[in-house]
> 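Below is one structure. I have some questions about it.
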Amino acid sequence: YPNVDWQKEALRNHTTSHQLDITFRGGGKRLRYFSVLNYKNDMGLLNSKYTDYTDRYNSQMKKYFLNLRMNLDVDITDATKLKLSMLGMLRETKRPTTSEATLFEQIFNTPSAAFPVQTQNGFWGSNNVLKTNPIANLADVGYYKLNQRMLQADLRLVQDLSVLTRGLSAELAIAYDNNATYQETAKKSFMYQTIEKGIDGEPIYTNYGNPNDELEISNKGLANQYIHANFEAKVNYHRTWDKHDFTANAMFRQESMTLTGANNSRYRQYIIGTAGYNFDNRYMVDIVANCFGSSVLGKNDKYRAYPAISAAWILSNENFMKEFSTFDYLKLRASYGRSGYDIYDYDMDKQYWVGSGAYYFQAGNTSAGSSLKEGVLAMEQLDLEVADKYNIGLDMSLFKGLTFSIDGFYDKRTNILIDGSGLISSAIGVTIPQMNAGKVETKGTELSAMWKKEYKDFNYYIGANFSYAKSKVVENGEGYQPYGYLSKKGYPVGQCFGWEAIGYFRDEADIKSSPVQKFSEVRPGDVKYRDLNGDNVIDNNDQKAIGYSTAIPEIYYGINLGFEYKGFGVDALFQGVAHYSVMLNTASVYWPLRNNTNISNWYLNDRIRWTEETKDIANVPRLTTLDNANNFRNSTQWLENGSYFKLRNLNVYYNLPSSWAKKVKMEKIQVYARANNLFSLDHVKYMNCEDLKINYPDMTSVYFGLNINF
């Protein structure tokens, strides 16, 4: 009679991590350098009792990171400068052979009474339904290790050409990034034992698998790799005279990205010209003309134009503003720009013959092994997705300590790739290609404010930011909808659609007198939905918009505040979202017993499940071990408010007196304690409201450290 807490058995309550940062900077008149050495690790959350189950390997989910950055500036001559930046990264991640997603699904989905971790005979426990064991899949299946090696290098040569004309300069730059990941695996299977009660009441043990399975180690070498190589040539011009300031530049840039696998290389070209003019530090205008080429576009049609323009007026520098001493700074600005998006598959503008399986011929119905058919139709006018962005804003500083900024924006996305099957009849007889027909509009505002004040031994600050963005799907390619409420047009991106739950069936008489629900056979205690179209049938035509978007919150906001007094300081960052919905559809946690999964305290204890005794107060449907397509679908039954308010970061520190530091030849000594994800105010129990998937747990992290400057 097992009673296993699989989460408690598989995980420990805490883990440890370490971080070390060492920074060097220095140099002289001709050469200057800056370098950073960074080491981090994460020692994993799995129970070491099982990760060290065998002395042949360790299966802990560990991570190691080592980064080394070096920046070097060299003045070759007074007019020629060389800048070199290099970043090297070594990373190693390790886990059991069982993937993270599979392992945590088994931990959550395996019922506590299904079987013991191990039988009294010392074998892994299991049963004939699940035929697995979460702990065995952690401890006794081998390990999976990835080693990542990355080198990023940038070299830029800057030449002053003022000998030709004052303010002229040129730049040449090359960049090369190489990221390679090597894989090593060690696999084995385990033997498990099932237990059944015999006729005489004694247990009957049955063994499956091989108890002496050898560990197969495979060094698969290169698992994947990507190489980025960029070249850039640029000419700059900057002149200032009287009250005028003029800047211009022209640039050519080539980018190549090569990844392992077929059709994974991408190439881009940019030809960009910019010009900026500033009069008396009051009136400003900047213009950008960008000719952009992408390899994913069709032959002889590779280039698109993306212009941008911005203007600003600094009112605080006007004479008529000098009598308004309240304003330290006041600026009005406006901008427009167009951008493109080219993360597409290759050859969308071509049609191919594709495999179509077996075909039959002659009177004997003879089968041939393979055949061909026409593939997806070619896109006739493949284009890039375009975003036209408009912005108007105001920046100001007041009262010698308050800064404030407000923006209003409008973003219009067109040419979005969408499924074209809703716009073209399937009677055409071949798979419809995607189309550049999607349209989305987004309007919103952003605000930010910061108040800072300093006294002799005490200073403090408090800041806040707020953004509201309302998107609207203008065209999504959907076909004819028999009812207006079925259309997703006019709603935000990611708008949740589902059925409106209006209670539970009380009895058989209630079922007979209600519209027929087509999803599965219903019984008393099942969810009852509203018939929106009045046809006395509940089906896909009775869905409507419910809640907000489940993809993008409409509101983001944050608060950051802190103070320092005689070396002791506190910094805190709070962040939250609103106008956001989540669907409580996580198996075993909110949806119980689906396909031999688990049941949680949320369903059994926190909620009131429907029974004959609780039918008047129930807030979740009846419990059943059978698959129930009626109850478990997107509906207001499972809709939850996804808004939250979290303390993301808290930093408490103390700077030792400078006189103490100088005695040991140091500039600064700081001791600190930092914490991440300390608390969350939200509406979702048991799971992270930002991610309702079953995976590696979200952690509250606390760091204690020492920061020393020599």
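The basis for the numbers below is simple: all heavy atoms, side chains too, and nothing from hydrogens, waters or symmetry mates.
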> Under 4.5 Å between any side-chain heavy atoms of Ser549 and Val493, yes or no?
no
> Go through the steps for Tyr529 and Gln637 under the test side chain to side chain donor-acceptor pair (under 3.5 Å), then give the verdict.
CA-CA 10 Å; Tyr529 301 114; Gln637 167 69 65; over 6 Å; no
> Between Trp602 and Tyr590, what is the ring plane arrangement, given parallel below 30°, perpendicular above 60°, and tilted in between?
perpendicular
> Donor-acceptor pair, distance only, cut-off 3.5 Å: does the side chain of Asn598 make one with the backbone of Phe108?
yes
> So with a 6.0 Å cut-off around CG of Asn13, is the heavy-atom count from everything else above 12?
no
> Taking Ser581 for the side chain and Thr550 for the main chain, is one N or O donor matched with an acceptor at less than 3.5 Å?
no
> Flag this pair as yes if the NZ/CZ of Lys131 is under 6.0 angstrom from the six-membered ring centre of Tyr208 and inside a 45 degree cone about the axis; otherwise no.
no
> Does any part of the side chain of Ser85, heavy atoms only, come nearer than 4.5 Å to the side chain of Arg69, both counted from C-beta?
yes
> Checking Lys40 against Phe65: charged group under 6.0 Å from the ring centre and within 45 degrees of the axis?
yes
> For Tyr653 and Glu564, which I'm curious about, is there any donor-acceptor pair between the side chains at under 3.5 Å?
yes
> Salt bridge or not for Lys646 and Glu690, using N-O below 4.0 Å?
yes
> Please confirm whether the backbone N or O of Asn179 pairs with a side-chain atom of Tyr226, one donor and one acceptor, at under 3.5 Å?
no
> Would you confirm whether Thr611, through its side chain, and Thr614, through its main-chain N or O, come within 3.5 Å as a donor-acceptor pair?
yes
> Look at the aromatic rings of Trp638 and Phe632 and report parallel, tilted or perpendicular, splitting at 30° and 60°.
parallel
> In terms of relative ring orientation, are Tyr53 and Trp124 parallel, tilted or perpendicular, with 30° and 60° separating the classes?
tilted
> Whether the Glu9 and Asn47 side chains hold a donor-acceptor pair (N or O, under 3.5 Å, no angle test) is what I'd like checked.
no
> With sequence neighbours excluded, tell me which residues meet side chain to side chain contact (heavy atoms under 4.5 Å, CB included) with Thr636.
Glu500, Ala501, Ile546
> Just do the side chain to side chain donor-acceptor pair (under 3.5 Å) check on Asn641 and His683 with the steps written out, would you?
CA-CA 6 Å; Asn641 184 350; His683 305 269; 3.3 Å; yes
> Apply ring pair (Phe, Tyr, Trp, His ring centres under 6.0 Å) to Tyr548 and Tyr580, showing your working.
CA-CA 5 Å; Tyr548 293 98; Tyr580 179 56; 9.2 Å; no
> Identify whether NZ of Lys or CZ of Arg in Arg674 sits under 6.0 Å from the centre of the six-membered ring of Tyr703 and within 45° of that ring's axis.
no
> Which heavy-atom pair separates Asn628 from Arg594 by the least distance, and what is that distance?
O-NH1, 3.4 Å
> Closer than 4.0 angstrom, basic N to acidic O: yes or no for Lys145 and Glu184?
yes
> Who passes salt bridge (Lys or Arg N to Asp or Glu O under 4.0 Å) against Lys518, sequence neighbours left out?
none
> Around atom CZ of Arg523, are there more than 12 heavy atoms from other residues, nucleotides or ligands closer than 6.0 Å?
no
> What I want to find out is whether Asp526 reaches Arg622 closely enough, with some N-O distance under 4.0 Å, to be called a salt bridge.
yes
> Looking only at heavy atoms, which two atoms of Leu647 and Leu573 are closest? And how far apart?
CD1-O, 3.5 Å
> Side-chain contact test, heavy atoms from C-beta onward, threshold under 4.5 Å: evaluate it for Leu151 versus Leu87 and give yes or no.
no
> Could you go step by step and tell me if Asp177 and Ile227 meet the side chain to side chain contact (heavy atoms under 4.5 Å, CB included) rule?
CA-CA 6 Å; Asp177 302 342; Ile227 298 173; over 6 Å; no
> Are any side-chain N or O atoms of Ser112 and backbone N or O atoms of Asn3, one a donor and one an acceptor, separated by less than 3.5 Å?
no
> Got Leu222 and Tyr182 here, is their nearest side-chain heavy-atom distance under 4.5 Å?
yes
> For Gln19, is the CD atom crowded, meaning more than 12 foreign heavy atoms sit under 6.0 Å from it?
yes
> Just wondering, do Pro592 and Arg609 contact through their side chains at under 4.5 Å, heavy atoms?
no
> Could you pull out the closest heavy-atom pair between Gly642 and Val577, with the gap in Å?
O-CG2, 4.1 Å
> Could you give me the CA-CA distance, side-chain angles and deciding distance for Asn655 and Gln670, then say whether side chain to side chain donor-acceptor pair (under 3.5 Å) is met?
CA-CA 4 Å; Asn655 296 316; Gln670 182 187 84; 2.9 Å; yes
> Short question: side chain of Asp42, backbone of Gly44 - any donor-acceptor pair under 3.5 Å?
yes
> Going through the distances and angles, do Phe563 and Val570 end up as a side chain to side chain contact (heavy atoms under 4.5 Å, CB included)?
CA-CA 6 Å; Phe563 72 89; Val570 175; 3.8 Å; yes
> Sub-3.5 Å donor-acceptor pair from the side chain of Asp691 to the main-chain atoms of Lys693, do we have one?
yes
> Can you tell me if Lys63 has over 12 outside heavy atoms packed within less than 6.0 Å of its NZ?
no
> Please evaluate residues Tyr50 and Trp6 with respect to the criterion ring pair (Phe, Tyr, Trp, His ring centres under 6.0 Å), reporting the C-alpha separation (whole Å), side-chain torsions for both, the decisive distance (0.1 Å), and the verdict.
CA-CA 13 Å; Tyr50 298 113; Trp6 294 104; 9.5 Å; no
> Going by heavy atoms in the side chains, are Asp606 and Tyr686 under 4.5 Å from each other?
yes
> Parallel, tilted or perpendicular: which fits the ring planes of Tyr696 and Phe104, with parallel below 30° and perpendicular above 60°?
perpendicular
> Hey, does the side chain of Ser600 reach the backbone of Val589 with a donor-acceptor pair shorter than 3.5 angstrom?
yes
> So, applying side-chain hydrogen bond (donor to acceptor under 3.5 Å, both in side chains) with Asn649, which one of Asn677, Asp571, Asn676 is it?
Asn676
> Under the ring pair (Phe, Tyr, Trp, His ring centres under 6.0 Å) test, which residues partner Phe34, sequence neighbours left out?
none
> Of all heavy-atom pairs between Cys496 and Leu639, which one has the smallest distance, and what is that distance?
SG-CD1, 4.1 Å
> Can any side-chain N or O of Thr97 pair as donor or acceptor with the backbone N or O of Val141 at less than 3.5 Å?
yes
> Pro621 and Tyr504: which non-hydrogen atoms are nearest, and at how many Å?
N-CE2, 3.6 Å
> Begin from the C-alpha positions of Ser99 and Thr102 and carry the test side chain to side chain donor-acceptor pair (under 3.5 Å) through to its verdict.
CA-CA 5 Å; Ser99 70; Thr102 300; 2.9 Å; yes
> With under 30° as parallel and over 60° as perpendicular, where do the rings of Tyr344 and Tyr341 fit, or are they tilted in between?
perpendicular
